[in-house]
Amino acid sequence: MRRTRAAAAAAVAVSLLSAATACGGGSTGAEGGSNTAPKELTYWASNQGPDITADQATLGPELKKFEEQTGIKVKLEVVPWSDLLNRILAATASGQGPDVLNIGNTWSSSLQATGALLPWTAKNFDAIGGRDRFVESAIGSAGAAGQDPAAVPLYSMSYALYYNKKVFQEAGIEKPPATWDEMVTIGRKLSKDGTWALGAEGSNLSNNIHQAFVLSKQHGAEFFDAAGKPTFDTAANVDAVKQYVDLMAKDKIIAPGNAEYDKNQSLQDFSNGKTAMVLWQNAASTFKAHGMKEGDWGVAPVPVPAGGAPGSGKNTNSMVAGINLAVFKNTDNTDGALKFVKFMTSDEEQKILNRTYGSIPPVKAAQTDPAFATDDLTVLRNTLSTSAAPLPQVPEESQFETAVGTAVKELFADAAAGRPVTAESVKAKLTKAQQQMSS
């Protein structure tokens, strides 16, 4: 089933541009959409909390608040990350989708290229209080340069290394690894008696891409050249992907079962003390939901190569992460959709939602809340401002995530099954992914 889903996503992605003209059928002008159903909206939310039920519990009262203020009822569906991109691609190609939806900020350029999303013109920004309310770097991850953004920032994020203090203390380890060499050395000490050093989500295509991208930057590589041509199977990219998969295949610090994880199971393992570390975005709320308390975990920057410290270039240690809020151009409630975006990005809602999810508000005024000055968020905010880089801003970015993310998934499956993961096998997978981009 997973193989079929990935293949379908790739096929849909290829047809996006040709199908885009069919997505604006309800448009009444350059700003897009119509207002034939003014009393209702459908909202696809991404799974931000420990599970879908938790997200429904978080968002339900806020959506009720919006309904009381506006008279507009919002039908909520929380979509798992493993399904979200495929659902969006299918909706974009068919023209049958929600009114408002969450998108990973890395998908903005890809979905923008279809023409299916409402462009955030000056007029539309004015309807939600103005563009200057938002952190400019967050706006910069909402679409291609030189074009009106395809979405509005909702939650800002970066990656950090979370470590379980109790597990570290019991193992006699005083501090988390700062380099990958230290990760392997410490990881081997931690991986014993049913405990594993590092968690991973081997079947989560987006997470695979995020980790591979960071390691690619650290190896001085790029997945696309200056002209936007895929360069997946270069020697440096092969080394980067192999380094990541080798944490399971060779170094034995990731449990083989993690090859099947794609729904945040690694966070539950961390919370239960089965895993000592995890690389994640803004995980505090999930840990708390799984029974951990403040102080049970520590937060440190993601490791970099030996001899370095987090920074730009080869010391990049995170992708620029975040969730954006988009509106389908053919919505039948444009005015309501704009009101909803205004509500979700209001100062008060930004404080409530980002506080709950442990993310960083992209709305400047909301960042002044003391809740965003914790140790966790200080590491995340520093990473975002000093050592994070955006994923390739190319129209084919979502296809890239599917193709290369699937290659990494298959390599993890090989590692879990005890099949050799060699430079040749990694190159073969990346070459296949590169060919898929041009077929």
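Below, each value reflects all heavy atoms present in this structure, side chains not excepted, and no hydrogens, waters or symmetry copies.
For the pair Leu377 and Asn282, the tightest heavy-atom approach, listed with the atom from each and the gap, is CD2-ND2, 4.3 Å. Here the closest heavy-atom approach between residue Val74 and residue Leu63 is recorded as CG1-CD1, 3.9 Å.
Using modelled atom types, one side-chain atom of Asp225 and one backbone atom of Ala227 make a donor-acceptor pair closer than 3.5 Å. Between the side chain of Lys351 and the backbone N or O of Ala366, no donor-acceptor pair lies under 3.5 Å. The backbone N or O of Glu397 sits less than 3.5 Å from a side-chain atom of Ser110, completing a donor-acceptor pair. Within the 3.5 Å criterion, the main-chain N or O of Gly322 finds no donor-acceptor partner in the side chain of Gln281. Between the side chain of Ser158 and the backbone N or O of Thr383 there is no donor-acceptor pair closer than 3.5 Å. A donor-acceptor pair under 3.5 Å links the side-chain atoms of Gln350 to the main chain of Leu154, judged by distance alone. A distance-only check finds a donor-acceptor pair linking the side chain of Ser346 to the backbone of Phe343 [under 3.5 Å]. Within the 3.5 Å criterion, the main-chain N or O of Leu247 finds no donor-acceptor partner in the side chain of Lys250.
Every residue two or more places apart in sequence or in another chain was checked for a side-chain hydrogen bond (donor to acceptor under 3.5 Å, both in side chains) with Ser156, and none qualifies. For Trp81, the side-chain hydrogen bond (donor to acceptor under 3.5 Å, both in side chains) criterion is met by no residue, not counting sequence neighbours. Residues passing the ring-ring contact (aromatic ring centres under 6.0 Å, His included) test with Tyr244 are Phe412, sequence neighbours excluded. Contacts of Phe134 classified as ring-ring contact (aromatic ring centres under 6.0 Å, His included), with partners at least two apart in sequence or in another chain: none. With sequence neighbours excluded, no residue forms a ring-ring contact (aromatic ring centres under 6.0 Å, His included) with Phe372.
Arg87 forms a cation-pi arrangement with Trp44, by the criterion of a distance under 6.0 Å to the ring centre and an angle within 45° of the ring axis.
Under the 6.0 Å cut-off for aromatic ring centres, Tyr162 and Trp280 do not qualify, their centroids lying 6.0 Å or more apart. Aromatic pair Phe270/Tyr163: ring centres not closer than 6.0 Å.
Annotation: the span from Arg188 atom CZ to Lys252 atom NZ amounts to 10.0 Å, rounded to 0.5 Å. The distance from the CG atom of Asn204 to the NE2 atom of His210 is 8.0 Å, given to the nearest 0.5 Å.
In this pair, Phe400 and Phe223 present their aromatic rings tilted. The plane angle is within the 30 to 60° band.
Residue pairs meeting the side-chain hydrogen bond (donor to acceptor under 3.5 Å, both in side chains) criterion with at least one member in residues 51-61, sequence neighbours excluded, are Asn47-Asp55, Asp55-Tyr357.
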